[in-house]
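Accompanying notes for the structure given below.
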Amino acid sequence: MTQPTFSTHLGMVDILPDETPKWQKLEQIIHEEARKFNFEEIRTPILEQTELIARGVGELTDIVTKEMFAFERGDDHYVLRPECTAPVVRAFVEHHLDQRGGSQKLYYIGPMFRAERPQKGRQRQFHQFGAEILGADDPIADVDMIALMMSIYNRIGISNTTLKINSVGDPESRKAYKNALKDYFRPKLDQLSDISQKRFENNPMRILDSKEEEDQPFIEDAPIITDFLNEATAAHYTEVKNHLDSLGISYEEDPHLVRGLDYYTRTAFELISPDLGAQDALGGGGRYDLLVEEVGGQPTPAVGFAAGMERLLIACEELDIELAEPKSVDIYIVTIGDNARKWALKHLPKLRNADISATMDYIGRSVKAQMKDADRENARYSIIVGDNELKKGKFTLRNMKESEEQALDFDAIIKKLSDQ
RNA sequence: GAGCUUGUAGCUCAGUUGGUUAGAGCGCCAGGUUGUGGCCCUGGAGGCCGUGGGUUCAAAUCCCAUCAGGCUCCCCA
């Protein structure tokens, strides 16, 4: 078995039966919290037009330049979605969701694809949940959005996180800031890392994100964007902070926080966990007031976040948080002989209809092997059925944990289990 | 795209300076209990030692290549 005929592609991971319960639980929590906040679920296709992602996410971003799974069929250009904000916005515009009135509060859960080098907390197919509010400019929207994100982590018990916030400005502020940044870095250009020198032309704000040792002293003294915000944008940012304070959500201002995607404006935030190693971002988001228009809709202010589910589950593991209960089944019917097997098949539905989970052996194992299987399946009770029991109409109900048995007729068994 | 590192049973790992039929624990299957689990005892199945090539009388062990995993850089979830 060391050389299976087929295996997953690089960075593609099977989620096996031992893992799925915690995924189901996580999804359930996301649905429940989203409902409390009155967000509605949206499900968009895995495949989108390449042009949508290129325009939406940004032509020069790493995602678009080197991480897309893209292919063509005839004249159509397909891409496996690398994130879900652009698709949600596409759906919003395509189906005129603004006509539903008010602001739209949407959330999603699903797989995303980026062709990066895998490592801990990074796969090529990974899963995100996220939410978007379309059509609201008010800082209250930003903060309620963050509150939804935080409430999911809090409910799970991941509380040792740091929320970093910043304002990356509106186009006007950003232009002024970029010029100031360039003026600042230009004379020092040859002392910066190679990577940062490249960023200087494309996206000077990214230099602030650099982790290169040699860049750090320059970054420390660089001008910060919050000094360049125009009045309206500064006021918006201040209100976001005030609202966070009033909700008791603690945060750290990080003037160097720059999000990776081009569409972000004004509020930017990121949730960091110390339990994740190199990939320490649990989730992040911000405003993208220009994206709807970029994708062909009416100018519509919007804010959202996306969070990585694998990373959330890694954090759970580090913190010894058990999301899901161990597997179990209410009843395991142990059969002796063919008549008993037929009896079991007929009576399983009656148990299940009474909302009692039940199973039996399919492969004709010995009683001992069936008992062992019942134990392995973590059965609460076993019912032992043989010719004696069939003749008397009384079946042996064994409490697996207490190792106690009693003879009951079938209706009594159903009643006993239903009452618990 | 780059660096480091690992690759022996389903899982976690031992395998000494290259030397006969490759080991352990757990798991799996069976027996010890003729109709009964978890503990214990006994036995069994399961590996061309990631793959391909090379060095050698002899390779899991040395060399090269390749594939895959892990970690890191980059970037992000």
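Order of the sequence lines sets the chain letters (A, B, ...), proteins ahead of strands, with each chain counted from 1.
Between the side chain of A:D375 and the base of B:rG38 there is no donor-acceptor pair of N/O atoms closer than 3.5 Å. Counting distance only, with no hydrogens placed and no angle test, the side-chain atoms of A:E116 and the base atoms of B:rA77 include a donor-acceptor pair under 3.5 Å.
A:S403 comes within 4.0 angstrom of a nucleotide base, judged by non-hydrogen atoms across all strands. Within the nucleic acid shown, A:E389 comes within 4.0 Å of at least one base atom, counting heavy atoms only. Residue contacts for A:G11: at a heavy-atom cut-off of 4.0 Å it reaches the sugar-phosphate backbone alone, with no base atom in range. As judged by a 4.0 angstrom heavy-atom cut-off over every strand, A:G337 is placed among residues making no nucleic acid contact. A:Q370 comes within contact range of no nucleotide atom at all, as no heavy-atom separation falls under 4.0 Å. Counting non-hydrogen atoms under 4.0 angstrom, A:R117 reaches a base of the nucleic acid. Among the heavy atoms of the strands, none lies under 4.0 Å from A:L312. No contact: A:E310 has no heavy atom under 4.0 Å from any strand. Residue contacts for A:D387: at a heavy-atom cut-off of 4.0 Å it reaches no nucleic acid atom on any strand shown.
Between A:D419 and A:K415 there is a salt bridge, since at least one side-chain N of the basic residue sits less than 4.0 Å from a carboxylate O of the acidic one. Checked for salt-bridge contact, A:D170 and A:R266 miss the test: no charged N lies under 4.0 Å from a carboxylate O. A salt bridge links A:R122 to A:E116: one of the charged nitrogens lies within less than 4.0 Å of a carboxylate oxygen. The residues A:E253 and A:K241 are annotated as salt-bridged, a charged nitrogen and a carboxylate oxygen being separated by less than 4.0 angstrom.
One interatomic measurement links the two molecules: NZ of A:K164 to C1' of B:rC76, which rounds to 14 Å at whole-angstrom precision. Put simply, NZ on A:K368 is 12 Å from P on B:rC39, counting in whole angstrom units.
Applying the 4.0 Å criterion to OP1 and OP2 of B:rC74, one finds that A:R114 has every side-chain N and O outside that range. Taking side-chain N and O atoms only, A:Q119 has a distance below 4.0 Å to OP1 or OP2 of B:rU72.
In the set B:rG31, B:rC29, B:rC76, B:rG31 carries the atom at the smallest distance from any side-chain atom of A:S366. For A:L10, the side-chain atoms get nearest to B:rA68 when compared with the rest of B:rG37, B:rA68, B:rG35. Taking only side-chain atoms of A:R311, from C-beta outward, the nucleotide of B:rA77, B:rU36, B:rA30 with the closest atom is B:rA77. Comparing atom distances between the A:F126 side chain and each of B:rA68, B:rG35, B:rA77 picks out B:rA77 as nearest. Counting only heavy atoms from C-beta on, A:K372 has its side chain closest to B:rC29 among B:rG35, B:rG32, B:rC29. Considering only the side chain of A:M371, B:rG37 comes nearest among B:rG37, B:rC71, B:rA30.
Of the two residues contacting RNA chain B, namely A:G386 and A:E67, the nearest-nucleotide position lying further toward the 5' end is that of A:G386.
In this pair, A:H127 and A:W23 present their aromatic rings perpendicular. The plane angle is above 60°, beyond the 30 to 60° band.
Between A:F39 and A:Y107, a ring centre-to-centre spacing not shorter than 6.0 Å is recorded.
Spacing between B:rG27 and B:rG53 at atom C1', rounded to whole Å, works out to 36 Å.
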